[in-house]
Amino acid sequence: MKNTRFPNVVEFEVTGSYGLFSDPVTRVGGEKCTYQIPTYEALKGIIMSIYWKPTLIWVVDAVRVMNPIQTEVKGIRTVKYSPIKKNVTNDLSYYTYLKDCRYQVRAHFEWNENRPELTQDRNENKHHEIAKRMIRKGGRRDIFLGVRECQGYVEPCAFGEGAGAYDGTPQLAFGLMYHGITYPDEAYSAETKNRMTANFWYPVMEKGVITFLRPEECPLHKTLREMEQKPFGQALNNFSGLSEFGR
């Protein structure tokens, strides 16, 4: 199950007692309900917490579900957005979490063509070795399985090794799901340039493995709003807002 198409592949296992993966749009009402599997965006967030530079873009190739999919509902006391009664600032919400999470992840990085000012940093061997070292160290930043309260832990692994809970399941479809968000920093077309774009797809698990489509390959896209690309490197020096601040 090795990926030989890209030489800078990294493989790791992420575990956690709980996880919550969902479409951000469904979280605004106070209640949260997880998908049955991790989203592309959540796994990309994990690998970016392990190691990230604006020079590169992480692409998640596949995830392998190792433990049985099971959920747990918890009553959470949340802050009211608009308290109806005086001195009543809390409400009770029900969050549905995934329990006993364990996943094998395979990903690779590509150069960010939206960052020509950082071409001098495109040293593939350097970034690949640092990324592998950061996986061995457990990541540069804290790892979360979807939301802040779901702490995760990463360690190196060989993708496909070991017994998984769904190795004997030929195919399992999950219907329409949120895939992730394409930010202006990672725009791949004129339609996504200077825009925040949500992507949706129809994941299918085959013998425990879900192979992800790339963001541009997703069948459904929704423009959320206009958004400027963040400046780095030389562009930072030419960014009028920051240059005025630095004077």
Side-chain angles (χ1 to χ4, degrees), residues 5-10 21-28 38-63 105-131 134-135 139-148 177-201 212-247:
R5 182 180 174 187
F6 300 100
N8 51 36
V9 170
V10 295
F21 309 103
S22 64
D23 185 340
V25 173
T26 65
R27 297 184 181 181
V28 297
T39 62
Y40 179 94
E41 188 72 15
L43 295 175
K44 185 176 178 182
I46 290 173
I47 187 65
M48 289 173 69
S49 291
I50 294 171
Y51 177 69
W52 176 82
K53 280 290 192 72
T55 312
L56 51 89
I57 296 175
W58 282 107
V59 179
V60 183
D61 299 310
V63 63
V105 182
R106 183 173 60 210
H108 73 276
F109 65 81
E110 301 173 2
W111 301 130
N112 191 344
E113 299 299 335
N114 296 300
R115 300 291 183 187
E117 70 274 15
L118 298 177
T119 52
Q120 75 282 356
D121 191 39
R122 293 180 181 178
N123 185 326
E124 184 174 10
N125 184 65
K126 178 189 78 171
H127 291 297
H128 191 209
E129 291 302 318
I130 294 175
M134 289 303 101
I135 290 173
R140 279 189 166 178
R141 293 179 289 174
D142 287 348
I143 305 300
F144 308 117
L145 294 174
V147 291
R148 180 65 178 83
M177 272 185 58
Y178 166 76
H179 181 275
I181 291 178
T182 298
Y183 293 94
D185 309 65
E186 302 180 356
Y188 52 80
S189 65
E191 291 74 22
T192 56
K193 188 175 178 63
N194 292 325
R195 292 184 177 91
M196 180 190 289
T197 307
N199 310 307
F200 301 86
W201 72 314
F212 287 102
L213 296 179
R214 298 172 62 94
E216 60 268 29
E217 296 173 343
C218 289
L220 298 172
H221 306 274
K222 172 67 175 177
T223 300
L224 301 179
R225 65 181 179 90
E226 300 294 321
M227 187 178 186
E228 292 294 326
Q229 177 175 300
K230 294 180 180 179
F232 287 99
Q234 186 61 35
L236 183 63
N237 299 328
N238 299 330
F239 186 55
S240 58
L242 293 182
S243 60
E244 287 292 329
F245 179 80
R247 289 179 182 173

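Only this structure's heavy atoms are used, side chains among them; waters, hydrogens and symmetry mates stay out. All values reported here derive from a predicted model rather than from experimental measurement. Numbers here simply count residues along the sequence, with the first being 1.
Looking at heavy atoms from C-beta onward, I46 lies in side-chain contact with L145 at the 4.5 angstrom threshold. Using a 4.5 Å cut-off on side-chain heavy atoms (C-beta onward), W111 and L56 make contact. Residues H179 and P215 are in side-chain contact: their nearest non-hydrogen atoms beyond the backbone lie under 4.5 Å apart.
Summarising the geometry of D121 relative to H127, their closest heavy-atom pair is O-NE2, 2.9 Å, with the distance given to 0.1 Å. The minimum heavy-atom distance linking F21 with A42 is given by the pair CD2-CB, 3.5 Å. The minimum heavy-atom distance linking T119 with P116 is given by the pair CG2-O, 3.1 Å. Between P219 and F200, the shortest heavy-atom distance links the atoms CD-O, 3.3 Å. Contact between I130 and Y51 at its shortest, heavy atoms only, is CG2-CE1, 3.3 Å. The nearest pair of heavy atoms linking P184 to M227 is CG-O, 3.1 Å.
Ring orientation note: the planes of F109 and W58 are nearly perpendicular, at an angle over 60° on the 30°/60° scale.
Checked by atom type and distance alone, the side chain of N8 never pairs as donor or acceptor with a backbone atom of E124 at under 3.5 Å. Checking side-chain atoms of R148 against main-chain N and O of F144 turns up no donor-acceptor pair under 3.5 Å. N112 places a side-chain N or O within donor-acceptor distance of the main-chain N or O of D185, the cut-off being under 3.5 Å.
Among T192, N199, T223, the single residue meeting the side chain to side chain donor-acceptor pair (under 3.5 Å) criterion with T182 is N199. Here the rule is side chain to side chain donor-acceptor pair (under 3.5 Å) with E186, and of R115, Q229, K44 only K44 fits it. A side-chain contact (heavy atoms from CB on, under 4.5 Å) with I47 is found for one member of V59, V105, I143, V10 and no other, namely V10.
The line from CG of L224 to OG1 of T197 is 7.0 Å long, rounded to the nearest 0.5 Å. Between I50 atom CD1 and M134 atom CE the span is 10.5 Å, to the nearest 0.5 Å. Note that the CH2 atom of W52 and the CZ atom of R141 stand 8.0 Å from one another [nearest 0.5 Å]. A distance of 10.5 Å separates CG in N123 from OG1 in T55, rounded to the nearest 0.5 Å.
D61 and H108 share a side-chain donor-acceptor pair at under 3.5 Å. Checking E41 against T39 by side-chain atom types alone, no donor-acceptor pair falls below 3.5 Å.
More than 12 heavy atoms of other residues, nucleotides or ligands shown are found within 6.0 angstrom of NZ on K126.
Between R122 and E113 there is a salt bridge, since at least one side-chain N of the basic residue sits less than 4.0 Å from a carboxylate O of the acidic one.
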